[in-house]
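Take a look at the structure set out below.
Throughout, protein chains are lettered first and strands after them, A, B, ... in sequence-line order, and every chain is numbered starting at 1. Values reported hereafter were calculated over all heavy atoms of this structure, with side chains retained and with hydrogens, waters and symmetry mates removed.
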There are 2 protein chains.
Amino acid sequence: MPAEDPDPRLYVQAVEKAFRVLEVFGSRHHPLSLAEVAEASGMDKSGAQRMCYTLRRLGYLAVDVHGRGHVPGLRLMDRSYDFLRMHPLVQRATSPLMDLRRTTQERVDLSLPDDLSIIYAVRLQSKRETFAATLVGRRLPTFASSGGRAMLAYRSDEEVENVLLRSDRRAMTSKTVVDLPGLHAKVTEARALGYALAVEEWFLGEIVLAAAITDEAGRPVGAIHIAASLSEWEVEEFRKRMAPLAMEAARALSGG
Amino acid sequence: MPAEDPDPRLYVQAVEKAFRVLEVFGSRHHPLSLAEVAEASGMDKSGAQRMCYTLRRLGYLAVDVHGRGHVPGLRLMDRSYDFLRMHPLVQRATSPLMDLRRTTQERVDLSLPDDLSIIYAVRLQSKRETFAATLVGRRLPTFASSGGRAMLAYRSDEEVENVLLRSDRRAMTSKTVVDLPGLHAKVTEARALGYALAVEEWFLGEIVLAAAITDEAGRPVGAIHIAASLSEWEVEEFRKRMAPLAMEAARALSGG
DNA sequence: TCTTTCGTATTGACTATCAATACGATCGAA
DNA sequence: TTCGATCGTATTGATAGTCAATACGAAAGA
């Protein structure tokens with residue numbers, strides 16, 4: 001959300017309220033009652049009632065199958081499908097990523113940058129994966145992901161500093177790098193190598209190598225991730241094998 | 001959308017307008033100008049301006065990278081992620097589907113029913129697939145898909161007739177069954193077999209077998225699809241190999 | 001250079017939205 | 001079984017938010 005206030009002449013507050021209702025599910029794991037929706041979205045019960053009624057009618061919210069509480073509605077899938085289907089990089093990248101998945105025999109993902117986080121837009125599993133590793137739309141912090149760091153490598157020092165300072169730099173495993181000098185070093189390393197490597201920083205046992213995709217102006221617009229298990233790979237072997245493949249695939253997709 | 005009019009005391013028309021804007025992208029393949037959005041969504045230019053301004057501010061709409069026209073925004077991915085992450089069947093099915101994908105070495109999908117169409121909620125590719133075969137949120141007509149027919153098999157004759165009559169029964173290939181007696185026969189066959197098989201009805205060269213997942217009351221809540229290429233399988237071999245696997249996986253996910 | 005189409009800006013009218021509150025239903029605890 | 005808490009639904013007049021016609025500058029195309 002931009003820092004400056006929206007223009008009240010054009011900004012439709014009722015629309016914002018409706019999306020605030022949808023957004024409360026972003027941090028929940030179970031259906032929400034009307035009262036919970038009202039509280040979590042910062043509106044009174046009447047407001048929540050009207051927004052929920054409208055969103056239910058449109059299919060973007062649904063009543064839980066047990067008849068109590070609200071859950072996100074199926075029509076949301078249509079809207080994200082439109083996003084994916086119409087996104088030029090997702091269109092161009094999916095086929096090469098399938099080739100890369102076949103070549104590497106490991107999980108291959110495409111992420112898009114969004115300020116302090118990256119969003120997974122294409123997920124091509126290779127073996128048995130965790131549930132979280134299969135879902136498009138999943139976000140990870142830019143600072144803590146190999147894709148995020150690979151993309152930061154194409155940003156200026158000031159931009160990198162800005163992102164790192166505004167990030168909630170919490171460790172996910174004992175291996176997660178969270179100190180500022182360490183993170184800067186990781187970005188510097190990614191600049192030198194042309195890719196970023198994260199070993200057990202998000203999930204124990206998981207190793208991920210990522211390379212950034214850039215636009216004509218050299219700005220990062222996405223990243224290719226190759227993920228595998230340390231039970232099957234030694235770190236240096238993985239790096240040696242995957243780095244050229246990831247960088248070549250990213251290069252082929254860069255520049256327009 | 002339900003047939004009866006919404007209660008004007010609770011229905012927020014501005015919210016509907018915002019979603020009408022998002023929905024116009026459902027049938028487009030390129031960015032839309034403000035004027036095009038206005039026309040396609042049936043509102044005047046001022047209305048389109050206000051809705052687009054608001055949706056851009058919230059991140060659900062974006063200006064195309066070339067600076068002209070609107071496209072669906074990244075934040076939509078968050079909302080569908082909430083839907084997938086919180087959907088009980090998607091949660092329960094993803095792991096067994098990965099097992100099934102490993103066993104069959106073919107593409108495995110999970111679809112959800114939505115009146116006249118089915119929506120793909122989980123897509124586990126095995127080999128090189130078409131772009132369309134990788135995207136969650138993609139819809140196919142219930143009548144023309146093996147998953148749709150497998151689910152129709154658990155509906156009453158009246159319900160099946162109702163769906164078929166309201167469907168836009170167009171052929172996708174020369175093999176697509178579109179006549180009512182033929183479609184009824186397909187549903188009857190699925191009832192007898194416990195699965196549905198579609199041979200080249202959506203894409204030439206593609207064969208798909210699907211089994212329905214039902215709830216405690218025996219109503220269909222999803223379908224498992226196994227898809228492959230006729231260049232690698234003979235129809236009867238595919239049926240023999242995959243039918244038991246699909247039905248067993250569907251049965252394990254049914255009933256709760 | 002001119003025309004067309006674009007997106008932006010404006011502002012008073014007015015109606016769509018608001019929100020406090022009452023109420024019946026349901027659920028859980030005693 | 002009774003009672004209290006919480007649920008979702010229903011209400012309605014006030015008013016703030018939304019509307020929409022239109023003007024205008026910018027950009028693109030002929």
Rounded to whole angstroms, how far apart are [atom1] on [X] and [atom2] on [N]?
X: B:Met51; N: D:dA20; atom1: CE; atom2: C1'; value: 12 Å
X: A:Glu16; N: D:dG17; atom1: CD; atom2: P; value: 12 Å
X: A:Lys17; N: D:dA16; atom1: NZ; atom2: C1'; value: 11 Å
X: B:Gln13; N: C:dC14; atom1: CD; atom2: C1'; value: 13 Å

What residues 37-44 of chain A contributes to the DNA chain C interface at heavy-atom separation below 4.0 Å is A:Asp44
Which heavy atom in B:Pro220 sits nearest to a heavy atom in B:Pro113, and how many Å separate them?
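Looks like O-CG, 3.9 Å.
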Shortest non-hydrogen separation from A:Trp202 to A:Met172 and the atoms involved:
CZ3-CG, 3.0 Å
Do A:Arg56 and A:Tyr53 meet the cation-pi criteria used here (NZ or CZ under 6.0 Å from the six-membered ring centre, within 45° of the axis)?
no
Using a cut-off of 6.0 Å, state whether more than 12 heavy atoms not belonging to B:Glu129 lie near its atom CD.
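Result for CD/B:Glu129: enclosed.
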Is the CD atom of B:Glu161 crowded by more than 12 outside heavy atoms at less than 6.0 Å?
yes
Does the side chain of B:His70 pick up a donor-acceptor pair with the side chain of B:Glu36 at under 3.5 Å?
no
Between B:Phe19 and A:Tyr60, how do the two ring planes meet: parallel, tilted or perpendicular, split at 30° and 60°?
parallel
Within the side chain of B:Ser41, is there an N or O that forms a donor-acceptor pair under 3.5 Å with the backbone of B:Val21?
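Not at all, since once roles are kept as given, no pair shorter than 3.5 Å links the two residues.
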Could you run down nucleotides 5-10 of chain D 5' to 3' and tag each one B, S or - for protein heavy-atom contact under 4.0 Å?
--SBBB
